[in-house]
Amino acid sequence: MKKVRVRFAPSPTGPLHIGGVRTALYNYLFAKQNYGDFILRIEDTDQTRFVPGAEEYIIEAFEWLGIPFDEGVHIGGKYGPYKQSERKVIYLQYALELVNNGWAYYAFDTPADLEQRRAQAEAEKKTFQYDARSRGGLCNSLTLTPAEVEQRIHADEPYVIRFKYPENSEILVHDLIRGEVRINSNLLDDKVLYKSDGMPTYHLANIVDDHLMEISHVIRGEEWLPSAPLHVMLYQAFGWEAPQFAHLPLLLKPDGNGKLSKRDGDRLGFPVFPLLWKDPKSGEISSGYRESGYLPEAVINMLALLGWNPGTEQEIMDLPTLVSLFSIEKISKSGAKFDLEKAKWFNHAYIQMAPDTLLLDLFQKELQKHNIHPDTDYLLKIINLMKERVHFIPEFWEQCAFFFVAPTDYDEQVIKKRWKPGTDVHLKKISDILSSVQPFNKEKAHNLVMEYIQGTELNMGQIMNSFRLSLVGAAKGPDMFEIIDLLGVAETQKRIARAIETIIVN
RNA sequence: GCUGCAUUCGUCUAGUGGUUCAGGACAUCAGAUUCUCAGUCUGAAUAUCGCGGGUUCGAAUCCCGCAUGCAGUACCA
């Protein structure tokens, strides 16, 4: 059997969309399951859309995700180069081969000419299509004499090479996900294969490269399905064996039904890109999963299940597990909406499974942003106490800040509800009780404080919440005596004193 | 407009003619965890399988039509 070789082929026109990441992931899973190769090819045949930094972004994104390539622009390989602009020289000969054997032709119509045709057709409520019916009336090597064609080319007149569809023939695309898709060639237009700027279009380049790189399976987004017949015909025209095709369903926006777009993310509060991206032209910033505090394993797991599932009830799966369970047959046919809540749940689950050393590293980076550099042991204790409450890495700061900085202001709602005249007296007493526990022991302190509260005939919630307010600044956080244990009795007493001083009840 | 693809709980989905008046997960709601918030645990509610016709003893599952949604329709990928 032929070796499985798949490719992920983005064009460097901006940051990598999360849908693209999923496409790449499915390619990777399929390749690895079949002991095949996973290749990164850059499709930069449109020079006008080139965006600096995009290629580096793509590579960095996969590094962060932990999805390695076997061959690609950044690592080379036997089938290089892996960037289409560097393969420029090879495409013309293939385009010419098609012209010579009658599968393609030169066309000299200018964009303006065609635009006019389209406008005219529209005025007549018709649609213009460059196809078997219209090509006889246009300016190309089918209507011009060979001498005229040669003369135009010699005069450096701009031209394109178009594919010549056979008239009225049924084209069959076999798709691994959708089964057989049929379309009549009359409905298709003679696509440009080779542009007047000397570059191939996607259609030509992708067929030539896939063939030369011995790609066995083309797994790509559904948006390519309409041009799949062209690709099938191209393989036929070259006399090459076509790879197998699988067209993936789209990733949809959470509200409405459209395709998930760049705008949706920041509008609805989740990233659409793996890494933060700053547009080099506009300076516009789009958030990334990495910077938003997602763990790459969680992103992969969540993405894998958006459009595929193993058919069992298992939801938490790491990369190796996904590799072993993946199958193209189980990919669903319809689009999947991104679900922020589920993503949150996955990330929380992965934070629970993450090794302390990783969490420590991530936590330290968060703290560095606030110029705080605490002791490692102290951090590890906080991580163990707090990790089950965090969904995203930045919460290690948002929810744990009070372990490093004493509160300066106190939640008004809580003051109003819990801080009554006399509260200060009780807190001072608790402060004294804490001093009496030598050495400090959280169970013992807990018992003594509870005993005291019972003696006061006061509601425990009242006292404990004002106490909490003094240490945390709000009515949230883990067990009070765990906090005291970490903060230390001296710091606790300082905070109590400060709260009493600051909070004055009328 | 034309062409193609799709259509099961709010969301992701299981299900491939019969122990399914449809199972799981997220979200939601309730209870528990005797300071808070979060988390966790337990439980509950939620889909007549887009609609209409067939085929069959029997259909979410097969066929046809319709509706809706999405994609494509560039010298972009």
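Order of the sequence lines sets the chain letters (A, B, ...), proteins ahead of strands, with each chain counted from 1. We use all heavy atoms of the structure for the numbers below, so side chains are in, but hydrogens, waters and symmetry mates are not.
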- prompt: Quantified in whole Å, what is the C1' atom distance between nucleotide B:rA22 and nucleotide B:rU13?
  reply: 13 Å
task: Measure from the side chain of A:K337, starting at C-beta and using heavy atoms only, and say which of B:rA25, B:rC12, B:rU7 lies closest.
output: B:rC12
- prompt: So, the side chain of A:S431 versus the backbone of A:Q493: is there a donor-acceptor pair under 3.5 Å, distance only?
  reply: no
message: Under a 3.5 Å threshold, yes or no: a donor from one side chain and an acceptor from the other, between A:N301 and A:D318?
response: no
- request: Report which part of the nucleic acid A:E388 touches: base, sugar-phosphate, or nothing (heavy-atom distance under 4.0 Å, all strands).
  value: base
- prompt: A:P111 side chain: which of B:rA77, B:rA27, B:rC75 is closest?
  reply: B:rC75
field: Touch class at under 4.0 angstrom, heavy-atom based, for A:D255 against every strand present
entry: nothing
field: Distance, rounded to the nearest Å, where A:L250 contributes CG and B:rC12 contributes C1'
entry: 16 Å
message: So, OP1 or OP2 of B:rG72: does either fall under 4.0 Å of a side-chain N or O from A:K259?
response: yes
message: Classify A:G221 by what it touches in the nucleic acid, base, sugar-phosphate, or nothing, heavy-atom distance under 4.0 Å.
response: nothing
message: By nearest atom, which of the nucleotides B:rC26, B:rC75, B:rA71 is closest to the A:K342 side chain?
response: B:rC26
- request: Just compare B:rC75, B:rG4, B:rG24 and give me whichever is closest to any side-chain atom of A:I183.
  value: B:rG4
query: Which whole-number value in Å describes the distance from A:M353 CE to B:rU40 C1'?
result: 16 Å
- prompt: Considering only the P atoms, how many Å lie between B:rC5 and B:rA60, rounded to the nearest integer?
  reply: 25 Å
- prompt: If you measure from the P atom in B:rC75 to the same atom in B:rA14, how many Å do you get, rounded?
  reply: 39 Å
message: Please report the distance separating the C1' of B:rU42 from the corresponding atom of B:rC49, rounded so that it comes out in whole Å.
response: 30 Å
query: Any side-chain N or O of A:N309 under 4.0 Å from OP1/OP2 of B:rA14?
result: yes
query: If we call it a pair only when both distances are under 3.5 Å in a Watson-Crick or G-U wobble match, what pairs with B:rC76?
result: none
- request: Take A:L306 and A:R182, find for each the nucleotide of RNA chain B with the closest heavy atom, and name the residue whose nucleotide sits nearer the 5' end.
  value: A:R182
- prompt: If the P atom of B:rU8 is compared with that of B:rC51, how far apart are they to the nearest Å?
  reply: 11 Å
task: Write down the partner of B:rA14 under the Watson-Crick or G-U wobble criteria, each distance required to be under 3.5 Å.
output: none
query: Just how far, in rounded Å, is P of B:rC49 from NZ of A:K333?
result: 19 Å
- request: Could you measure between the two P atoms, the one in B:rU48 and the one in B:rC63, and give it in whole Å?
  value: 23 Å
message: With a 4.0 Å cut-off on N to O distance, would you call A:R178 and A:E222 a salt bridge?
response: yes
field: Closest to side chain of A:E341, choosing from B:rC75, B:rU3, B:rC26
entry: B:rC26
message: Need one value for A:T45: base, sugar-phosphate or nothing, where a base atom within 4.0 Å counts as base even if backbone is also close, heavy atoms only.
response: sugar-phosphate
message: At 4.0 Å (heavy atoms only), tell me whether A:P158 reaches a base, stays on the sugar-phosphate, or touches nothing.
response: nothing
Same-atom distance (P) from B:rG10 to B:rU46, integer angstrom: 11 Å
message: Are more than 12 heavy atoms, taken from residues, nucleotides or ligands other than A:K429, located less than 6.0 Å from that residue's NZ atom?
response: no
- request: With heavy atoms under 4.0 Å as the rule, sort A:H247 into base, sugar-phosphate or nothing.
  value: nothing
- prompt: Does B:rC9 pair with anything, Watson-Crick or G-U wobble, both distances under 3.5 Å, and if so, with which nucleotide?
  reply: none
message: How close do A:L188 and A:Q129 get, counting heavy atoms only, and between which atoms?
response: O-NE2, 3.3 Å
query: NA contact type, A:D44, heavy-atom cut-off 4.0 Å: base, sugar-phosphate, or nothing?
result: nothing
query: Within a reach of under 6.0 Å around NZ of A:K417, are more than 12 heavy atoms found that belong to other residues, nucleotides or ligands?
result: no
- request: Please check the phosphate of B:rA77 (OP1 and OP2 only) for any side-chain N or O of A:K195 closer than 4.0 Å.
  value: yes
- request: State the pairing partner of B:rU55; accept Watson-Crick or G-U wobble contacts with both distances under 3.5 Å, and report none otherwise.
  value: none
message: My understanding is that a pair needs two contacts under 3.5 Å, Watson-Crick or G-U wobble. By that rule, which nucleotide pairs with B:rG4?
response: B:rC70
task: Flag yes if more than 12 heavy atoms outside A:Q93 fall under 6.0 Å of its CD atom; otherwise flag no.
output: yes
task: Send over the distance from A:K330 NZ to B:rU13 C1', rounded to a whole Å.
output: 11 Å
Side chain of A:M480 - closest among B:rC35, B:rA74, B:rA77: B:rC35
message: Taking atom types as they are modelled, would you say the side chain of A:R178 forms a donor-acceptor pair with the base of B:rC5 within the 3.5 Å cutoff?
response: no
query: What integer number of Å spans the C1' atoms of B:rA32 and B:rA38?
result: 16 Å
message: Taking the minimum atom-to-atom distance to the side chain of A:R389, which one of B:rU13, B:rA77, B:rC37 wins?
response: B:rC37
- prompt: Of all the nucleotides listed (B:rC26, B:rG72, B:rC76), which has the minimum atom distance to the side chain of A:T201?
  reply: B:rC76
- prompt: Looking at B:rA14, B:rG10, B:rG4, which one has an atom nearest to any side-chain atom of A:V181?
  reply: B:rG4
field: A:V6 and A:Y26, any side-chain heavy atoms less than 4.5 Å apart
entry: no
message: Looking at A:Y159, I'd like to know if the NZ or CZ of A:R152 sits under 6.0 Å from its six-membered ring centre while staying within 45 degrees of the ring's axis.
response: no
task: Tell me which nucleotide among B:rU3, B:rG39, B:rU73 gets nearest to the side chain of A:K191.
output: B:rU73
Aromatic contact, A:F273 with A:Y57 (centres under 6.0 Å): no
message: Rounding to an integer number of Å, can you tell me how far A:E313 CD sits from B:rC12 C1'?
response: 14 Å
query: With a 4.0 Å cut-off on heavy atoms, is A:S11 in touch with a base, just the backbone sugar-phosphate, or nothing at all?
result: sugar-phosphate
- prompt: Looking at A:S332, does any N or O in its side chain come under 4.0 Å of the phosphate oxygens OP1/OP2 on B:rU13?
  reply: yes
- request: Report yes or no: is there a donor-acceptor pair, N or O only, under 3.5 Å between the side chain of A:N459 and the base of B:rC35?
  value: no
query: Would you say a side-chain N or O of A:R162 is under 4.0 Å from OP1 or OP2 of B:rC75?
result: yes
Nearest-angstrom distance from the residue atom NZ of A:K417 to P of B:rU36: 9 Å
Spacing between A:Y350 atom OH and B:rA25 atom P, to the nearest angstrom: 17 Å
task: Would you mind reading off the distance between A:D197 atom CG and B:rC76 atom P, rounded to a whole angstrom?
output: 7 Å
